[in-house]
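Here is the structure we will look at.
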Protein chains: 2
Amino acid sequence: MKALSRSKPVTIYEVARHAGVSIATVSRVLRGTAPVAEQTSARVRAAAQALHFTPNRLGRSLAEGRHAANGIVFPDLVGPYYAEVVLGYEEAASELGSSVLILATGRRRDAAAAVVELAGRVDGLVIMGNTVDDATAAGIAAGGVPVVLLAREPLAGIDTIRTRNAASAKVLAAHLVEHGHRRIAFLGDPAGSPDVAGRFAGLAAGLRAAGLPAPEPVSCGLETAAGEAAAAVLLDGDRPDAIVGANDEVALGALLAAAAVGLRVPDDLAVTGWDDVLAARFAGLTTVRQPMRELGATAARWVHRRIAERTADPNRPLAPARRRILPTQLVVRRSCGHHGTPGGS
Amino acid sequence: MKALSRSKPVTIYEVARHAGVSIATVSRVLRGTAPVAEQTSARVRAAAQALHFTPNRLGRSLAEGRHAANGIVFPDLVGPYYAEVVLGYEEAASELGSSVLILATGRRRDAAAAVVELAGRVDGLVIMGNTVDDATAAGIAAGGVPVVLLAREPLAGIDTIRTRNAASAKVLAAHLVEHGHRRIAFLGDPAGSPDVAGRFAGLAAGLRAAGLPAPEPVSCGLETAAGEAAAAVLLDGDRPDAIVGANDEVALGALLAAAAVGLRVPDDLAVTGWDDVLAARFAGLTTVRQPMRELGATAARWVHRRIAERTADPNRPLAPARRRILPTQLVVRRSCGHHGTPGGS
DNA sequence: CGTGGCGATGAAAGCGCTTTCGCGATCGAA
DNA sequence: TTCGATCGCGAAAGCGCTTTCATCGCCACG
């Protein structure tokens with residue numbers, strides 16, 4: 001177990017020579033793909049162990065014609081939303097025998113190039129929300145790499161999984177109206193992400209249905225600080241009854257802004273968010289819970305299925321694109337208004 | 001841009017044939033590694049685009065002898081801690097030209113095998129906290145794959161990066177004592193993770209230094225629910241003045257448990273955590289902030305450096321193992337006791 | 001004893017790409 | 001016009017592994 005500074009990386013040839021067999025035999029022993037005499041087998045295993053042999057996946061993958069790896073592309077991991085989705089993805093993917101490559105497009109400008117590069121490293125790819133343009137995504141799919149879109153507008157011929165943003169927003173709108181709120185503002189940038197767009201559209205539709213005018217969205221980023229700043233502006237003057245945050249971070253920012261100017265929630269102002277992050281519970285924030293792990297896990301399974309389909313029969317025409325919308329759940333707490341019974345935990 | 005169901009994946013040979021050149025020329029054009037006549041170059045690019053050619057990274061990596069990918073192993077992504085570390089890692093690694101493979105050992109039992117397998121896919125590897133046993137980690141390093149340990153006890157000959165858990169805990173202990181707390185309980189399992197062990201040890205040392213008896217740790221998981229349950233038991237009877245949670249989730253659980261039995265924080269009970277998650281701010285929780293992204297980014301850079309060293313001169317003996325301890329910061333809020341000025345934001 | 005059959009093993013052909021080597025062709029200078 | 005120097009490009013050798021295909025003993029059976 002001494003950490004020798006060996007000059008050459010250990011290959012299957014080394015092991016073969018050390019054990020006095022051919023590389024074919026080494027492969028068979030290590031993979032267990034064919035019967036090998038017990039004695040030989042033992043020699044090979046001993047050699048592999050002695051040399052700390054770790055097979056190079058590149059060789060294997062190249063020979064097998066598959067990476068045994070999938071990728072997932074997301075904007076970032078700030079806040080629990082993407083982290084949970086990625087975790088759900090990783091769990092499911094690794095159960096299906098694939099390693100997971102991640103790519104955060106976050107603040108990089110060469111996102112498209114990075115995603116294309118990633119596509120060359122994987123058997124299949126999940127692309128989330130607001131990361132790359134449609135042309136890039138479509139191009140990758142056309143190039144033969146199965147793609148699944150997540151929390152994003154569908155594209156022709158590509159599988160898509162989303163949550164019920166618009167519908168949840170309608171439910172939320174109705175709930176707010178029921179509480180007597182009339183002037184409702186939306187904090188978030190519909191152009192910034194498909195999720196936000198759906199939420200805003202649903203909210204607007206819900207308010208219209210109640211005979212109220214659709215609100216103008218107040219554009220802001222998805223972090224607490226951005227929400228706080230935007231809310232501060234909004235609350236300084238002719239303020240609304242309720243603020244619907246594009247996500248919980250933004251809504252929590254709105255709570256801070258309200259506290260800063262001495263407004264009481266929910267008496268003076270209602271606030272709601274999206275995602276049910278841990279902090280929402282402690283802030284008493286009404287929010288919409290999304291099945292984040294489930295989103296990730298479903299995406300992993302879908303990618304896997306596409307890969308399997310193609311492997312089974314590369315010439316068969318592709319099955320039509322699948323669509324799925326996962327349900328969400330309104331979590332009512334005290335920030336949206338007083339309820340008969342005290343708000344749930 | 002029609003999504004043809006092509007039977008064969010596009011290789012460099014296809015492109016070469018389509019453009020009427022040799023594969024060498026295609027490679028040169030696409031990599032830009034050697035001068036190619038403008039006219040030829042244009043033909044090749046056109047062919048590549050027409051065929052949606054995405055070079056297969058396996059071929060390239062095998063030829064180049066490097067994966068251009070690094071891996072990071074962590075327990076899970078629940079809570080912001082690991083997510084932030086991973087994000088910091090991804091950012092730094094991709095800036096250095098490496099893709100990132102992730103592996104969550106979470107609830108799997110074949111963690112060691114999975115990590116070894118991962119080691120065969122990468123040029124270097126970061127192993128976090130409580131994921132695999134020392135022998136596995138050491139074996140991988142001995143096999144020639146550069147390894148960096150993160151938030152984990154050092155091993156001979158392997159680079160290690162940690163945070164100042166014990167020292168921060170001492171500061172925290174002093175602060176609690178200063179508030180007049182005497183009976184201080186620790187919520188967490190020191191055997192469960194090196195971080196927790198360090199925090200407990202530091203707390204115990206700090207209390208000893210103040211002439212107080214070292215507390216027994218109350219073992220519990222790292223989730224809110226676990227903290228709540230453990231705290232509930234702890235508070236039912238001869239209760240402590242203060243509870244130090246192994247992380248914020250646990251501490252938040254303790255807050256819930258306290259509220260459930262009508263205890264006021266901080267008047268009846270002080271509570272502190274670790275990590276400064278978003279919820280801590282809204283719960284007014286005193287906590288210790290860790291440089292999470294910085295941890296990840298530093299790890300990425302160290303792995304990169306090791307790889308570069310080895311590539312530059314494979315025969316040079318390895319530089320001695322490096323150690324680094326990143327600083328933490330005590331974030332005082334109201335949950336630890338009353339302060340002259342109201343607790344920070 | 002002679003064979004067909006089978007289990008164990010080795011030789012070698014790729015997988016898709018990069019890169020060295022070398023060969024014509026073209027160019028500048030004498 | 002001629003000769004060495006470039007330049008542009010193709011041929012081919014790997015990179016580490018899996019996987020036919022062939023071979024070689026060895027056994028049981030006739």
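Chain naming here is simple, since letters A, B, ... match the order of the sequence lines and numbering starts at 1 in each.
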For [X] and [N], what is the distance between atoms [atom1] and [atom2] respectively, to the nearest whole Å?
| X | N | atom1 | atom2 | answer |
| --- | --- | --- | --- | --- |
| A:Arg17 | C:dG10 | CZ | P | 15 Å |
| A:Arg43 | C:dG10 | CZ | C1' | 14 Å |
| B:Asp123 | D:dC15 | CG | P | 17 Å |
| A:Leu51 | D:dG16 | CG | P | 14 Å |
| B:Leu62 | C:dG14 | CG | P | 17 Å |

- [ ] Check the surroundings of atom CD in B:Gln49: do more than 12 heavy atoms from other residues, nucleotides or ligands lie under 6.0 Å from it?
- [x] no

Counting primed atoms, P, OP1 and OP2 as sugar-phosphate and everything else as base, the B/S/- map of nucleotides 17-23 of chain D against protein heavy atoms under 4.0 Å is BBBB---

Can you measure from [atom1] ([X]) to [atom2] ([Y]) and round to the nearest 0.5 angstrom?
| X | Y | atom1 | atom2 | answer |
| --- | --- | --- | --- | --- |
| B:Glu84 | B:Glu294 | CD | CD | 12.0 Å |
| B:Leu103 | B:Phe74 | CG | CZ | 7.5 Å |
| B:Thr163 | B:Arg324 | OG1 | CZ | 13.5 Å |

Which is it for B:Arg306 and B:Asp123 under the salt bridge (Lys or Arg N to Asp or Glu O under 4.0 Å) test, yes or no, and what are the steps along the way?
CA-CA 10 Å; B:Arg306 282 288 183 195; B:Asp123 299 321; over 6 Å; no

Would you call B:Arg108 and B:Glu117 a salt bridge, using N to O less than 4.0 angstrom?
no

Paired runs of 3 or more consecutive Watson-Crick or G-U pairs involving DNA chain D, with both pairing distances under 3.5 Å, are C:1-30 with D:1-30

Flag, side chain of A:Arg310 to backbone of A:Gly144, donor-acceptor distance under 3.5 Å: yes

Verdict with supporting geometry, B:Glu95 and B:Arg301, salt bridge (Lys or Arg N to Asp or Glu O under 4.0 Å): CA-CA 10 Å; B:Glu95 221 158 80; B:Arg301 281 186 228 109; over 6 Å; no

